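Model, not experiment: these values are computed from the prediction. Just so we're on the same page: letters track the sequence lines, and every chain starts at 1.
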Amino acid sequence: MPYPVPVPDELSRPFWDAVNERRLVLQYCAECERLQYPPQHSCAKCGSSDRLGWREVEGTGHIRTYIVSHDTRIALKQPDQPFNVAVVTLDTDPGITFLSNLPGTPVDEVPVGAAVELTFVEAEPGTLIHEWRVTR
Amino acid sequence: MSDVSADGATPTRWHRDKPGLGVWEHRGRVAIAGLGHSPVDRRWDGQSLDRTLGAFAAFAATEALEDAGLSLDDVDGVVTCPGPTGDPWAPRPYPGPPYDSEDGLTTVTAEWLTRRLGLPNVDYSVNIREGYYLSGHALGFAAQAVGDGRCNTCLVVYPMGNLPGRYQHSGEMALDRAEGPQQWMMPWGYYLSAGTRLTLVYREYCRKYGKSEDGLAPLATTLRRNGLMVPWGFYANSEPQEITEQDYLESRYIHKPLRMLDCDRPMNGVGAYLVTTADRAQDLRQPPVYVLNHVQVFGKARGQIPSLDEVESWTRLQAEMMWEGSGLGPGDVDIFNAYDGFLTLPQFTVEAFEWHGVKRGEAFDFYAGDISVHGPHPFLSGGGNLGCGRTRTAHHHDSVEQLRGQAGARQVTVRADVAYTGSGAPDLAGGLLLSKHPG
């Protein structure tokens, strides 16, 4: 499965640097005591940027829902259709969600509600992205 | 001329986007007095200068003026959502004036249209841009502007453009690197569209309420049938065939469970409206259709993808605001044109508004009954985007025509005094409540 390569920017670099170290590090607002993903310049709840930092979280979650892509607009992903596109909720805070192709899960055989764990796949040599795998 | 964007920098006083605002201060004092619509092509062919987006905007505007019995001199306000809605024409060479830029080809700004039509008295001119790209936003904005006295006779134009080639398959979608917001979506094959975002929620809906994902088949056939009765509709003119439930169920998947026939098809077409004061409208050619309220929803999901709970809270908010601002309730609404950019959207809205008593999880059972225009529950009588092509205008046009008693073959046989007309997905919506009576 090819993955378009994410291009880190000033805001996202800490996240992607951590992913390349096989860690999941999310923005955290100390004022609201709330995680945030994807990263933003300010806390989506209180609007403050002063108390926004980074916090490593445990890579466990559950599958909320999914679709199967048959006709994506994304050129690089087209040769590998159909493929799963799932929404994973983070156990630490189910308000945080991630997209996943669920590597290892057959197409359209996604166990909604199942537990998943964080894994990493190589988008290109030296560049990892975060993915999720169903826990057996 | 001014640009209005949902970028936090422009005033949002016109918004009616939260509960507690009370009855709309201009309830029944603003009216839609004119309707116009261009032909609807699947795509601009790149050559016919009489079928550009700009030419179609001029056509629709002229028709709206004629419908209302107004002249160019009467228009003192122009509101447009200029776009673009699809890919740019560049780097292909521009045909030449007035098509020497994207304006007129893939966008239609208020100033381009004012110039093209030769409107001599426009002193209120607004381009509604990022974050406000819906026809319901434009109409709500214009209704507020007329009510506030910023203009008296406002031409609202809503262009939807589509060029040769596959819609939105170029640009960053063709790259093997994901920058900016795309870095959080593209790697996993996800992109921003109500067809991806809300199909994920649609699947949650079906699981929660124990409904078959095939439950939209009756709605698919009904909307096509309704759309075939819309004189300007794409299908009525270009593919005038009904579809069967089997056609729907056998149409190929885009993002399973989203099928091809769940999706509206991008079009090149323009709708136009004349919004004026209720006093002025009474003296014009058509029976006035009064605006009782306008609302906007700007839902922000906590995560990347909205949850069913969030979607249901946003549609509930829209309904509550609509009732509060209009002073009406579910039993008062006769015509219900919920937005249908994808067939997977309207159940969220109809259930929130409890139109004809439809409660959460009951929409598919409702669809399986008689929802035809001549039956007791004429749902989405305008055919929506699915029945007319994606112009985002069928909802508003039909609502006005039903209240006027001018919907022709689509005219409902039940009472048609009050209409809900919507645009947008649950998380970004603009809706209005219209009535043939001012109060």
Check: Less than 4.5 Å apart, any side-chain heavy atom of A:Val5 and any of B:Met186?
Finding: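 They are not in contact (no side-chain heavy atoms under 4.5 Å apart), so the answer is no.
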Notebook entry, point to check: Can you tell if the side chain of A:Asp71 reaches within under 4.5 Å of the side chain of B:Tyr253, non-hydrogen atoms only?
Noted result: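 No - every pair of side-chain heavy atoms lies 4.5 Å or more apart.
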Checklist line | A:Asp108, part contacting chain B, at a heavy-atom distance under 4.5 Å | finding: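 For A:Asp108, the contact with chain B is made by the side chain alone.
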Note to self: Is A:Gln81 in contact with chain B via its backbone, its side chain, both, or neither, using a 4.5 Å heavy-atom distance?
What the structure shows: neither
May I ask you to name which of [options] has the most heavy-atom pairs under 4.5 Å with chain B?
{"options": "A:Gln36, A:His130, A:Met1", "answer": "A:His130"}
{"options": "A:Asn101, A:Leu99, A:Thr89, A:Asp80", "answer": "A:Leu99"}
{"options": "A:Val121, A:Val112, A:Ile129", "answer": "A:Val112"}
{"options": "A:Ser12, A:Pro94, A:Pro82", "answer": "A:Ser12"}
{"options": "A:Ala123, A:Ser100, A:Pro2, A:Ala44", "answer": "A:Ser100"}
{"options": "A:Val87, A:Leu90, A:Ile96", "answer": "A:Val87"}

Would you find a donor on one side and an acceptor on the other, under 3.5 Å apart, between the side chain of [X] and the backbone of [Y]?
{"X": "A:Thr65", "Y": "B:Leu200", "result": "yes"}
{"X": "B:Asp176", "Y": "A:Pro4", "result": "no"}
{"X": "B:Arg203", "Y": "A:Tyr66", "result": "yes"}

Notebook entry, point to check: Taking the six-membered ring for Trp, are A:Tyr37 and B:Trp184 ring centroids under 6.0 Å apart?
Noted result: yes
So which heavy atom on [X] is nearest to which on [Y], and how close?
{"X": "A:Pro6", "Y": "B:Gln183", "value": "CB-CB, 4.0 Å"}
{"X": "B:Gln304", "Y": "A:Phe98", "value": "OE1-CA, 4.2 Å"}
{"X": "A:Ile67", "Y": "B:Pro257", "value": "CG2-CD, 4.1 Å"}
{"X": "B:Trp188", "Y": "A:Val85", "value": "O-CG2, 3.6 Å"}
{"X": "A:Thr97", "Y": "B:Ile305", "value": "OG1-N, 3.6 Å"}

Next item on the list: Find the distance between CE (B:Met173) and NZ (A:Lys77) and round it off to the nearest 0.5 Å.
Entry: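 The distance works out to 12.0 Å.
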Check: Given the options B:Met185, B:Arg207, B:Gln182, which has more heavy-atom pairs under 4.5 Å with chain A than any of the others?
Finding: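 Most pairs with chain A among the choices: B:Arg207.
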Notebook entry, point to check: Is A:Asp93 paired with B:Arg302 through a side-chain N to carboxylate O contact shorter than 4.0 Å?
Noted result: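 Yes, this pair counts.
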Margin query: Looking at A:Arg55, I'd like to know if its CZ atom is crowded, meaning that more than 12 non-hydrogen atoms belonging to other residues, nucleotides or ligands lie closer than 6.0 Å.
Written below: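 At most 12 heavy atoms, drawn from other residues, nucleotides or ligands, come within 6.0 Å of this atom.
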Check: Would you say A:Glu21 has more than 12 foreign heavy atoms packed within less than 6.0 Å of its CD?
Finding: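 Atom CD in A:Glu21 is packed in, count exceeds 12.
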Margin query: Run A:His70 and B:His255 through side chain to side chain contact (heavy atoms under 4.5 Å, CB included) and show every step you take.
Written below: CA-CA 6 Å; A:His70 288 256; B:His255 300 293; over 6 Å; no
